[in-house]
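Because the structure is a prediction, the values reported are computed rather than measured. Atoms within each ligand, like the ligands themselves, are counted from 1 in listed order.
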Amino acid sequence: MNVPKVPREMGRLDGKVIVLSAAAQGIGRACAIAFGKEGARVIATDINEEKLKELEQYSGIETKVLDVTQKVQVEMLAKDIENIDVLFNCAGFVHHGTILDCEDKDWDFTMNLNVRSMYLMIKAFLPKMLTQKSGHIINMSSVASSIKGVVNRCAYSSSKAAVIGLTKSVAADFIEQGIVCNCVCPGTVDTPSLRDRIQARPNPQQALKDFLGRQKTGRMATAEEVAHLCVYLASDESAYVTGKEFIIDGGWSL
Ligand code: NAD
């Protein structure tokens with residue numbers, strides 16, 4: 001007997017064009033792969049050309065070298081891309097220290113990469129979303145922000161709090177034009193840069209213990225767990241959600 005088959009489900013991001021930054025490693029890489037798997041056309045960008053190229057083995061992913069702090073480069077990429085459904089601003093840098101350990105150059109570098117780059121990217125890509133009256137913007141923030149005071153994260157937390165402010169502001173200004181804008185606030189995610197930061201501490205073993213100790217789950221998040229959340233925020237399923245901080249921290253901020 002011929003039993004009609006239930007049709008295979010489509011990818012949750014079929015047909016969507018997604019541009020993301022910091023895609024060469026860590027959370028950005030996991031997101032690029034997850035977006036591609038769900039059927040999106042992914043334009044994965046980073047400054048690390050060599051690592052970025054590794055993504056080309058995955059279907060749906062194209063790569064472009066982009067320094068998100070460079071206005072001209074950002075504007076050129078936006079000009080090159082005909083339409084965009086999702087912009088994911090993932091690039092960010094962690095400065096370790098209190099306000100007294102922070103030099104002017106550390107503050108400026110942090111604000112430039114963590115906040116000004118998002119201002120540049122949104123400004124360049126939003127007009128295309130407005131033309132089609134739809135678009136999802138996802139900004140990478142952190143629990144270390146206005147959500148939670150964290151030791152030795154002065155410049156970083158200040159920048160990530162600004163990302164939350166930017167997110168809410170864009171959400172409020174463009175809600176009537178079909179744009180949603182949300183941010184993701186992870187706790188501690190096991191990524192290459194986190195491992196590097198642990199190694200850079202005077203006592204790496206103790207630093208790892210401290211990172212794990214602050215997680216009530218006893219483990220860090222994986223980049224893939226954050227990517228699942230980002231797939232939701234990129235998809236039409238989240239169309240009624242805007243201006244929100246999505247905390248994914250294994251209970252750290254409880
Ligand atoms: P990572 O630090 O491992 O990788 C960052 C990527 O950004 C690298 O591939 C690097 O080449 C790229 N990059 C650096 N400067 C750039 C520039 N000017 N232009 C374009 N790309 C640039 O990444 P991660 O740890 O997955 O962090 C990604 C984001 O998530 C950051 O914004 C970070 O602050 C945030 N975050 C991370 C954690 C964590 O525990 N790992 C927690 C909360 C938030």
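- Using a 4.0 Å cut-off between charged side-chain N and carboxylate O, Lys64 and Asp80 make no salt bridge.
- Salt-bridge check for Lys168 with Glu245: passed, with a basic side-chain N closer than 4.0 Å to an acidic carboxylate O.
- Clustering of Ile, Leu, Val, Met, Phe, Trp and Tyr side chains at separations under 4.5 Å leaves Val151 isolated, with no partner residue.
- Remark: the Arg201 side chain and the His96 side chain contain an N/O donor-acceptor pair separated by less than 3.5 Å.
- Under a 4.0 Å N-O distance rule, the pair Lys53/Glu56 qualifies as a salt bridge.
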Measure and list all N/O to N/O distances between ligand 1 and the protein that fall under 3.5 angstrom.
| from | atom 1 | to | atom 2 | distance (Å) |
| --- | --- | --- | --- | --- |
| ligand 1 | 2 (O) | Ser193 | OG | 2.7 |
| ligand 1 | 3 (O) | Gln25 | NE2 | 2.8 |
| ligand 1 | 3 (O) | Ser193 | N | 3.4 |
| ligand 1 | 3 (O) | Ser193 | OG | 3.2 |
| ligand 1 | 4 (O) | Gln25 | NE2 | 3.4 |
| ligand 1 | 9 (O) | Asp46 | OD1 | 3.4 |
| ligand 1 | 9 (O) | Asp46 | OD2 | 2.7 |
| ligand 1 | 11 (O) | Asp46 | OD1 | 2.6 |
| ligand 1 | 18 (N) | Asp67 | OD1 | 2.9 |
| ligand 1 | 19 (N) | Val68 | N | 3.1 |
| ligand 1 | 25 (O) | Thr191 | OG1 | 2.7 |
| ligand 1 | 25 (O) | Ser193 | OG | 3.0 |
| ligand 1 | 26 (O) | Ile27 | N | 2.8 |
| ligand 1 | 32 (O) | Cys90 | O | 2.7 |
| ligand 1 | 32 (O) | Gly92 | N | 3.3 |
| ligand 1 | 32 (O) | Lys160 | NZ | 2.9 |
| ligand 1 | 34 (O) | Tyr156 | OH | 2.8 |
| ligand 1 | 34 (O) | Lys160 | NZ | 3.2 |
| ligand 1 | 40 (O) | Val189 | N | 2.8 |
| ligand 1 | 40 (O) | Val189 | O | 3.3 |
| ligand 1 | 41 (N) | Val189 | O | 3.3 |
| ligand 1 | 41 (N) | Thr191 | OG1 | 3.2 |

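- Atoms NZ and CG, from Lys71 and Asp67 in turn, are 14.5 Å apart once rounded to the nearest 0.5 Å.
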